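To start, the structure under review is shown below, and the notes come after it.
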2 protein chains.
Amino acid sequence: MAERKIGERNNEPEFLAAYDATEFDRPSVAVDVAIVTVMDGHLEVALVERAEHPAKGSWALPGGFVQMDESLDRAANRLLAEKAGLTDVYLEQLYTFGEPTRDPRTRVLSVAYYALVDHAQLDTGAESSLSFGRIDVPWEGETGGPVDARSQQGQEMPLAFDHADILGMAVKRIRGKLDYTPIGFQLLAATFTLRSLQDAHETILGRTLNKDSFRRRMLATGLLEATGERESEVGHRPAELYRFTKRSAI
Amino acid sequence: MAERKIGERNNEPEFLAAYDATEFDRPSVAVDVAIVTVMDGHLEVALVERAEHPAKGSWALPGGFVQMDESLDRAANRLLAEKAGLTDVYLEQLYTFGEPTRDPRTRVLSVAYYALVDHAQLDTGAESSLSFGRIDVPWEGETGGPVDARSQQGQEMPLAFDHADILGMAVKRIRGKLDYTPIGFQLLAATFTLRSLQDAHETILGRTLNKDSFRRRMLATGLLEATGERESEVGHRPAELYRFTKRSAI
DNA sequence: ACAACATATATGCCTATCGAATCTAAGTCA
DNA sequence: TGACTTAGATTCGATAGGCATATATGTTGT
């Protein structure tokens, strides 16, 4: 991360044209949301392309400033609705990023959230302002470090500010939470097969899981129940469809 | 929590005398630290008595406002040093509390941290501005809810603002982290017996642990090594003293 | 010196759980 | 009809945790 002292203005012409930043005695507070989903065996995150400086042309997590009369959770939910048209999704506060130089304009704290959504709920059409980047997890380990994104064509999508750090922490949190809470179904439709749930877990963890152990463990939690229905049109024996019971809302 | 709209001033005389609060378009940002330690089989937290309104006479976590040129981590470390004389202790960001009405004066975000310290490091003398409250965990469960504090004499120490919520989340986080990382030794001196480490774990978790399993599990991590020394003056067979290896710094 | 006592440390056994292999069930497709 | 694919059940061995017990090593009292 570039070193820059607070109060030291960026005097490039583009900056001065785009912003009339003023120093305050309080930081601005933004909420940024990592909207994460699973698609075809990889993690994806929703991104917006920055049209203005700073970091013009690079990609950023959708976010905005907290209004003075709304809570942080409410701001995150509002931004989810405004930027992605999403309501009633799994949303959790992640961490607050507060390096004084993380935004070159003025001091901006970012209260980061992450959301887990079913890929089918996402508007991936061209009319949406959101793009989706494949999350590029470098080492198959703890992933405490920054995480980059790539387009479907494999091009790098450079992330603005410290958003690669936010994304890295989001992946780490989701992985950790998967070990002791069944949050995987937040990424799936209302009914799903055990295999698709395992696929989601494997994608998040970045490693394969034992099929039988996974099945036993999931059924032992008592959090999911068989619907009696089966998937159809699959070219082989169809699997039973399950749903999550009510109290699965963590 | 009392409902109060932002911008609606508290017009009680005491408030007006104590504060000349002004509304801004940005929230103030405070850092509050739950300094947690283990003492005689219970958890303790460092508290300061509020001398002024709001919440005059009740107890609060040590905290203060973030300066414009310091990071959040740095602010937390500074406050630890200023308020408790502590440096080089385990410190981790916990959560950011942002209900608009959490402070009756004006909007204040609290970026909460928790610190784990050896009780022997703490200045519990009368000259210190810090008092210590026993953490009163109501139900032996997940402890997601608010947690109160009591004095050594058993008197309630009512917590100001939403600090009971902060403390509850701190206990929950510490318990969760204990399951997969050996943070317990942050509460102990440089060398310690396995029994004292188990005592610390049991105190944090609020339940007893199997001695042999605990011993096997701890030794299997490879994170601690025998010193060859033994405790002394204990009135029974002295236990071997252990220390943590370098990389134990999580 | 010696016994009584308290706790540390080691060992063996039982059981629950996980991973792997194998087998059967139930669909599609040529 | 038979090959193929994946679902789901069963079995078995390895492993780790819980529990009981035995032994080691110190202090304290007489």
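All values below come from the heavy atoms of this structure, side chains included, with hydrogens, waters and symmetry mates left out. In what follows, chains are A, B, ... by sequence order, proteins preceding strands, each numbered from 1. Because the structure is predicted, anything quoted here is derived from the model rather than measured.
With a 4.5 Å cut-off on side-chain heavy atoms, Tyr113(B) and Asp73(B) count as touching. Between Asn77(A) and Arg74(A), every side-chain heavy-atom pair lies at or beyond the 4.5 Å cut-off. Contact check for Leu188(A) versus Phe244(A): no side-chain heavy atoms found under the 4.5 Å cut-off. Under the 4.5 Å side-chain criterion, counting only non-hydrogen atoms from C-beta, Leu159(B) is in contact with Leu47(B).
When rounded to the nearest whole Å, the span between CG of Leu209(A) and C1' of dG19(C) equals 12 Å. Nucleotide dA10(C) holds its P atom 11 Å from the NZ atom of Lys211(B), rounded to whole Å. One interatomic measurement links the two molecules: CZ of Arg215(A) to P of dG19(C), which rounds to 15 Å at whole-angstrom precision. The separation between Asn210(B) atom CG and dC13(C) atom P is 18 Å, rounded to whole Å. Whole-Å rounding puts the Leu219(A) CG to dC18(C) C1' distance at 15 Å.
Residue Glu202(A) forms a salt bridge (charged side-chain N to carboxylate O under 4.0 Å, His left out) with just one option from Arg195(A), Arg175(A), Lys211(A), Arg207(A), and that option is Arg195(A).
Ring geometry for His163(A) against Phe161(A) counts as tilted: the plane angle lies between 30° and 60°, on a 0 to 90° scale. Using a 30° and 60° split on the angle between ring planes, Phe214(B) and His201(B) fall in the perpendicular class, above 60°.
Residue Arg217(A) is classed as a sugar-phosphate contact, given heavy-atom separations below 4.0 Å to backbone atoms only.
Residues forming a side chain to side chain contact (heavy atoms under 4.5 Å, CB included) with Ile174(A) (at least two apart in sequence, or on another chain): Val36(A), Tyr114(A), Leu116(A), Ile183(A), Ile204(A).
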At under 4.0 Å between heavy atoms, which parts of nucleotides 21-30 of chain C does protein reach? Answer with one letter per nucleotide, 5' to 3': B base, S sugar-phosphate only, - none. B---BBBS--
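First and last contacts of DNA chain D with chain A, using any nucleotide atom under 4.0 Å from a protein heavy atom and ordered 5' to 3', fall at dT5(D) to dT11(D).
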